[in-house]
Amino acid sequence: MTTTIKDIAKRVGVSPSTVSRVINRTASISEETKEKIYEAMKEMDYHPNSLARSLVNGNTFTIGLVIDAGNSDAFSNAFFIRSVSAIEAVTQQRGYNLLITNDANNESNNAVKNLILENKVDGVILPVSIVTDELIDLLTGNKFPFVIMGEPEKSREEFCWVDMDNEKGGEDAVKHLIHRGYKHPVLFVENKGTMFERKRIQGFRNETERHGITWHRENIIECGSEGTDIEKALKNVLLKNTETDSIICTNNTVAYHVLKELKRQKRRVPDDIGVVTFDNYPLAEYMEPPLTVVDVDTYKLGEAAAVALFNMIKEQKSKTEQKLLETRILERESTRKGEG
């Protein structure tokens with residue numbers, strides 16, 4: 001027999017209306033009573049009727065997450081998986097469902113428009129790669145809760161976004177290398193056109209200038225994402241810029257091919273050339289040698305985006321929070337010069 005609200009109320013010793021208010025979060029109930037009700041729900045295998053809750057509250061108890069699966073330069077693939085896991089965890093904790101939709105290569109943003117205009121979700125998290133002025137106007141015009149993952153090209157006051165502090169990450173990578181005795185770093189990025197890569201470039205420039213290192217275009221390499229292109233780019237750097245003694249890679253894929261080419265050139269890491277990569281996930285610590293990283297905690301990024309969205313939904317108003325999350329250096333063998 002299916003467990004009902006009345007069964008839960010009888011078990012806990014409260015009225016059915018109290019159980020209903022706890023389930024629907026429509027009134028302030030003591031933490032002690034809420035814990036007893038949640039425990040009874042768990043023991044009796046009670047599952048709230050989402051449709052009934054929606055009719056009572058006017059909410060869907062669902063949030064939307066839009067992914068841009070076709071964009072390999074931004075929040076997609078391996079990078080995005082940890083963020084999705086965090087969003088899912090926060091969503092479950094709040095008693096909501098997560099609806100994931102793909103808006104890849106869809107300049108009209110129809111997937112997002114359907115979520116909003118058909119009231120399929122109570123709020124939405126968007127990757128910066130799909131954001132357009134038209135979409136922002138639609139969201140703000142409908143007073144629809146949304147959070148952008150990634151710093152937008154145009155940061156307007158009326159919307160909320162969260163991102164990692166990529167500029168600080170670029171600065172910290174250079175600072176670490178100099179602390180370890182390297183003097184002539186080079187930065188490898190896949191695409192200078194993306195915001196997060198431009199921020200890393202700016203951080204690189206800031207810190208090299210701060211240490212009196214003369215930088216020029218040859219110190220910032222746009223290498224693409226193909227292995228042969230990355231290896232060819234490094235070979236050219238080593239031929240033309242013989243002072244190069246350290247390399248900062250924008251991700252694990254670039255770092256893998258950099259290590260491969262350095263081995264082919266018989267350059268020792270870390271004694272001849274130090275290597276730092278952005279992203280600890282998924283392979284940095286398993287490479288040979290294990291790589292020092294600028295840790296970009298994408299789980300924390302997804303968590304921050306989800307928490308910000310639920311705060312909007314709870315308060316029934318938009319927020320203008322714009323938040324940068326700190327990166328950190330995790331040192332490993334690839335920059336421990338002279339310790340071998």
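Quantities reported herein were computed from a predicted structural model and do not represent experimental measurements.
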Using the ring of each side chain (for Trp, its six-membered ring), is Tyr96 parallel, tilted or perpendicular to Phe310, with breaks at 30° and 60°?
perpendicular

Measuring from atom CE of Met287 to atom CD of Glu285, what distance do you get when rounded to the nearest 0.5 angstrom?
10.5 Å

Less than 4.0 angstrom from a charged side-chain N to a carboxylate O is my criterion; do Glu261 and Lys232 meet it?
no

A quick test of your reading: do over 12 heavy atoms of other residues, nucleotides or ligands sit less than 6.0 Å from CD of Glu218?
yes

The reported gap from NZ in Lys175 to CD1 in Ile329 (rounded to nearest 0.5 angstrom) is 9.5 Å

With sequence neighbours left out, write down each residue that passes salt bridge (charged side-chain N to carboxylate O under 4.0 Å, His left out) with Lys36, or none if nothing qualifies.
Glu32

Among side-chain atoms of His176 and Thr335, is any donor-acceptor pair under 3.5 angstrom?
yes

Non-hydrogen atoms of Pro16 and Ala9 that approach each other most closely
N-CB, 3.6 Å

Please check if any side-chain donor atom of Asn206 sits under 3.5 Å from a side-chain acceptor atom of Glu171, or the reverse.
yes

Closer than 3.5 angstrom, by distance alone: can the side chain of Ser85 be matched with the main-chain N or O of Ile81 as a donor-acceptor pair?
yes

Residues which pass salt bridge (charged side-chain N to carboxylate O under 4.0 Å, His left out) with Lys34, listed by chain and number, not counting sequence neighbours:
Glu31

So, Asn236 side chain and Ala233 main chain: donor-acceptor pair closer than 3.5 Å or not?
no

Which residues pass the side chain to side chain donor-acceptor pair (under 3.5 Å) test with Thr62, not counting sequence neighbours?
none

Exam field: side chain Asn191 to backbone Gly193, donor-acceptor pair closer than 3.5 Å:
yes

Enclosure of Arg328 CZ (heavy-atom neighbours >12, cutoff 6.0 Å)
no

Test Glu321 against Met312 for side-chain contact (heavy atoms from CB on, under 4.5 Å), laying out the working first.
CA-CA 10 Å; Glu321 181 181 21; Met312 290 183 195; over 6 Å; no

Main-chain N/O of Gly203 paired to Glu167 side chain as donor or acceptor, under 3.5 Å:
no

Is Ile130 linked to Met195 within one hydrophobic cluster, defined over Ile, Leu, Val, Met, Phe, Trp and Tyr using a side-chain heavy-atom separation of less than 4.5 Å?
no

Would you mind checking if Lys199 and Glu151 are paired as a salt bridge, meaning a charged N to carboxylate O distance below 4.0 Å?
yes

Grab the two heavy atoms, one from Val276 and one from Val294, that are nearest each other, plus how far apart they are.
CG1-CG2, 4.0 Å

Find out if a path of hydrophobic residues (ILVMFWY) with successive side-chain heavy-atom gaps under 4.5 Å connects Val307 to Met164.
yes

What pair of heavy atoms forms the shortest contact from Asn219 to Pro185, and how long is it?
ND2-O, 3.7 Å

Is a side-chain N or O of Glu243 found less than 3.5 angstrom from the main chain of Lys183, in a donor-acceptor match?
no

Between the side chains of Glu326 and Lys300, is the shortest nitrogen-to-carboxylate-oxygen separation below 4.0 Å, so that they form an ion pair?
no

Is the shortest side-chain heavy-atom distance between Glu331 and Arg180 below 4.5 Å?
yes

If hydrophobic clusters are built by linking Ile, Leu, Val, Met, Phe, Trp and Tyr wherever their side-chain heavy atoms come under 4.5 Å apart, do Ile220 and Ile273 end up in the same one?
no

List in chain and number order the residues that pass salt bridge (charged side-chain N to carboxylate O under 4.0 Å, His left out) with Arg210, two or more places apart in sequence or in another chain; answer none if no residue qualifies.
Glu207

Determine whether a donor-acceptor pair (N or O, by modelled atom type, separation under 3.5 Å) exists between the side chain of Asn241 and the backbone of Val237.
no

Measuring from Lys323:NZ to Asp165:CG, what's the distance to the nearest 0.5 Å?
12.5 Å

Given side chains that start at C-beta, do those of Ile247 and Leu234 come closer than 4.5 Å, heavy atoms only?
yes

Near His179 NE2, under 6.0 Å, is it more than 12 heavy atoms from other residues, nucleotides or ligands?
no

Expected output: side-chain Arg94 to main-chain Ala306 donor-acceptor under 3.5 Å:
no

Taking all non-hydrogen atoms of both residues into account, name the closest pair between Asp279 and Arg200 and its distance.
OD1-NH2, 4.4 Å

Distance col, row Lys337:NZ vs Arg268:CZ, nearest 0.5 angstrom, shows 10.0 Å

Do Thr91 and Asn97 have side chains that get closer than 4.5 Å, going by heavy atoms?
no

Pair Thr33-Val14, side-chain contact (heavy atoms from CB on, under 4.5 Å): steps then yes or no:
CA-CA 9 Å; Thr33 300; Val14 296; 4.3 Å; yes

Could you tell me whether the side chain of Leu330 reaches within less than 4.5 Å of the side chain of Thr292, counting heavy atoms only?
no

How long is the straight-line distance from OG1 of Thr18 back to CD1 of Ile8, given to the nearest 0.5 Å?
13.0 Å

Note: Thr250 and Phe278 closest approach over all heavy atoms is O-CB, 3.2 Å

Taking Val121 as the fixed residue, which of Leu65, Leu115, Ile313, Leu98 is the one that meets the side-chain contact (heavy atoms from CB on, under 4.5 Å) rule?
Leu115

Non-hydrogen side-chain atoms of Ile87 and Ile125 separated by less than 4.5 Å:
yes

Could you tell me the separation between the CG atom of Leu262 and the OG atom of Ser334, rounded to the nearest 0.5 Å?
11.0 Å

Thr194 side chain near Glu197 side chain, heavy-atom distance below 4.5 Å:
yes

Does a sphere of radius 6.0 Å around NZ in Lys192 hold more than 12 heavy atoms from other residues, nucleotides or ligands, not counting ones at 6.0 Å or beyond?
yes

Taking the side chain as C-beta and beyond, is there a heavy-atom pair between Met149 and Leu126 under 4.5 Å?
no

Is the gap between the ring centers of Tyr299 and Tyr281 under 6.0 Å?
no

Just by modelled atom types, is the Ile63 backbone N or O under 3.5 Å from a matching donor or acceptor in the Asp122 side chain?
no

Closer than 3.5 angstrom, by distance alone: can the side chain of Asp245 be matched with the main-chain N or O of His184 as a donor-acceptor pair?
yes

Checking salt bridge (Lys or Arg N to Asp or Glu O under 4.0 Å) for the pair Arg198/Glu153: CA distance, chi angles, key distance, verdict?
CA-CA 11 Å; Arg198 296 206 306 272; Glu153 294 286 341; 2.8 Å; yes

What pairs with Ala284 under side-chain contact (heavy atoms from CB on, under 4.5 Å), at least two apart in sequence or on another chain?
Asn252, Thr277, Asn280, Leu291, Val293, Arg332

Determine yes or no for a side-chain-to-main-chain donor-acceptor pair under 3.5 angstrom, with Gln322 supplying the side chain and Val162 the backbone.
no

Closest contact, heavy atoms only, Val269 versus Pro289:
CG1-CG, 3.8 Å

Beyond-backbone contact of Tyr256 with Cys249, side-chain heavy atoms, under 4.5 angstrom:
no

In the single-linkage hydrophobic clustering (I, L, V, M, F, W, Y; side-chain heavy atoms under 4.5 Å), do Val296 and Val84 co-cluster?
yes

Same hydrophobic cluster for Val258 and Tyr182, using side-chain heavy-atom links shorter than 4.5 Å among ILVMFWY?
no

Set of side-chain contact (heavy atoms from CB on, under 4.5 Å) partners for Glu288, sequence neighbours left out:
none

Is Asp172 salt-bridged to Lys168, cutoff N-O under 4.0 Å?
yes

